[in-house]
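These notes are about the structure you will find just below.
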Amino acid sequence: MLTPSFSYDLAHRAGSRRPAIAAEVVRDGVPVRFGRLSALHLDSGSHVEARTDADGQALLDLTAPGRWSVAARDARRRTCSPPTTIEVGERGVTGVRLELGSPAGELLVDVRGADGLPVTASHLTVVDAAGHPVTATLVDGLAHVRGLRAGPCRIEVPPSYGHLGTTVLDVLVDEGSLLSCTAVVPAGGLVAGRVLQGGAIQYAAVVALLDAEGTEIERTRTDADGYFLLGTGLRSSRDLTVVAASGPQTLHATSAAVADVVVLTGTYRDLGDLHLPTTGAGAVWASRTRAVAGMKLPSTRV
């Protein structure tokens with residue numbers, strides 16, 4: 001049962017504002033600390049996550065009333081609970097108790113592009129049969145996903161530089177099993193170049209990619225050598241425009257654009273050097289020590 005102080009705190013925090021779920025996660029009657037809670041709205045598909053405290057309790061602030069599917073997992077103990085459907089009203093707190101007992105499965109995913117190289121995506125998401133997502137970090141294209149409920153799962157890889165997003169279906173996870181699979185991500189397009197002004201490299205200049213309607217697709221900043229790279233999930237496109245604007249090295253903002261850029265899927269388009277106009281005063285960067293060294297106080301005699 002929820003402790004009285006915890007119940008009062010829940011009512012004070014969420015009772016008068018919006019709907020919420022007060023959840024308690026236990027295993028063999030013992031509260032599970034730092035367990036992962038997941039709530040999925042069955043109509044809109046919105047998702048909310050929380051982590052239990054030292055007493056195995058957590059509050060999930062919801063976005064809307066209605067039917068919610070609630071589940072819990074503990075990756076450290078490799079256990080999970082079956083999803084529970086509850087009805088949540090427009091205001092107030094709805095309590096639920098979840099029991100961990102089912103052995104959870106694990107999944108090793110190797111994500112690579114069509115060229116065989118690891119993707120640069122930072123994470124991937126595994127969605128179980130009940131629709132609850134589990135996010136894992138990608139390191140050099142490898143991810144270790146824990147706390148999966150048994151059944152069919154769907155792997156979703158977001159777009160990254162030079163690669164499109166992908167979805168791998170029908171990955172069957174068994175209770176307590178450790179599976180491995182490879183996800184091949186289709187190649188995308190890349191746009192690269194360098195930004196200069198008056199022959200000088202522009203560091204931290206803003207570079208944006210616009211579509212044929214003038215809507216910004218992506219933006220980035222140049223590195224220390226003035227180079228930029230655009231193309232997160234970029235498909236074959238025509239009539240693109242690349243707009244470069246000066247960075248913090250100039251006092252007056254100037255910009256230059258390259259129109260009618262054509263990018264094909266799986267290709268690398270190098271625009272070369274983009275020269276910004278030299279109109280406007282240049283910023284003079286001086287260290288603080290130099291400025292202080294130039295000041296002299298009048299000498300005094302005692």
Side-chain angles (χ1 to χ4, degrees), residues 111-125 135 137-143 155-168 183-285:
V111 184
R112 296 184 176 271
D115 52 4
L117 298 177
V119 299
T120 59
S122 60
H123 69 280
L124 60 78
T125 303
T135 302
T137 303
L138 272 170
V139 180
D140 294 332
L142 299 175
I155 303 173
E156 298 177 353
V157 182
S160 58
Y161 277 123
H163 295 97
L164 306 178
T166 187
T167 300
V168 181
V184 179
V185 182
L190 283 173
V191 180
R194 186 173 63 162
V195 180
L196 303 175
Q197 186 179 45
I201 293 173
Q202 280 288 298
Y203 174 52
V206 179
V207 185
L209 182 65
L210 311 180
D211 61 11
E213 303 297 329
T215 303
E216 183 177 302
I217 303 174
E218 183 183 356
R219 71 163 46 197
T220 185
R221 286 184 179 271
T222 57
D223 59 15
D225 296 322
Y227 289 98
F228 66 88
L229 185 65
L230 295 165
T232 302
L234 185 60
R235 300 180 181 273
S236 297
S237 305
R238 297 181 180 273
D239 300 330
L240 297 176
T241 303
V242 176
V243 181
S246 55
Q249 292 178 253
T250 54
L251 296 178
H252 296 275
T254 59
S255 62
V258 178
D260 300 329
V261 177
V262 178
V263 179
L264 301 178
T265 301
T267 61
Y268 178 89
R269 178 69 185 276
D270 190 355
L271 300 179
D273 294 340
L274 277 68
H275 295 273
L276 298 178
T278 56
T279 304
V284 178
W285 299 99

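Of all non-hydrogen atoms in S160 and T120, the two that sit nearest each other are CB-OG1, 3.4 Å. For the pair A192 and L229, the tightest heavy-atom approach, listed with the atom from each and the gap, is CB-CD1, 3.9 Å. G189 approaches V263 most closely through the heavy-atom pair CA-CG1, 3.8 Å. In terms of heavy atoms, G231 sits closest to E218 at N-OE1, 3.0 Å. For the residue pair A205 and A245, the shortest heavy atom distance occurs at CB-O, 3.2 Å. When all heavy atoms of Y203 and P248 are compared, the pair lying nearest together is O-CD, 3.7 Å.
Between the side chain of T222 and the main chain of A204, a donor-acceptor pair closer than 3.5 Å is present.
Considering CG of D239 and CG of D260, their distance stands at 5.5 Å, rounded to 0.5 Å. The distance from atom CD1 of I155 to atom OG1 of T166, rounded to the nearest 0.5 Å, is 9.5 Å. Taken to the nearest 0.5 Å, the CZ atom of R269 stands 13.0 Å off from the CG atom of L230. Within the model, atoms CD of Q202 and CG of D223 stand 12.5 Å from one another, a figure rounded to the nearest 0.5 Å. In this structure, CG in L234 is found 10.0 Å from CG in L264, a value given to the nearest 0.5 Å. Atom CG of residue L190 and atom OG1 of residue T265 lie 10.5 Å apart, to the nearest 0.5 angstrom.
Using a 4.5 Å heavy-atom cutoff, the side chains of H163 and D115 are in contact. Looking at heavy atoms from C-beta onward, E216 lies in side-chain contact with L210 at the 4.5 angstrom threshold.
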Intermediate values then yes/no, side-chain contact (heavy atoms from CB on, under 4.5 Å), L274 and V207: CA-CA 10 Å; L274 277 68; V207 185; 5.6 Å; no
Candidate pair V195 and R221, rule side-chain contact (heavy atoms from CB on, under 4.5 Å), full reasoning: CA-CA 10 Å; V195 180; R221 286 184 179 271; over 6 Å; no
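With no hydrogens or angles considered, a side-chain donor-acceptor pair links Q197 and T254 at under 3.5 Å.
Counting non-hydrogen atoms of neighbouring residues, nucleotides and ligands closer than 6.0 angstrom, the OH atom of Y161 exceeds 12 such neighbours. More than 12 non-hydrogen atoms from other residues, nucleotides or ligands lie less than 6.0 angstrom from CG of D270.
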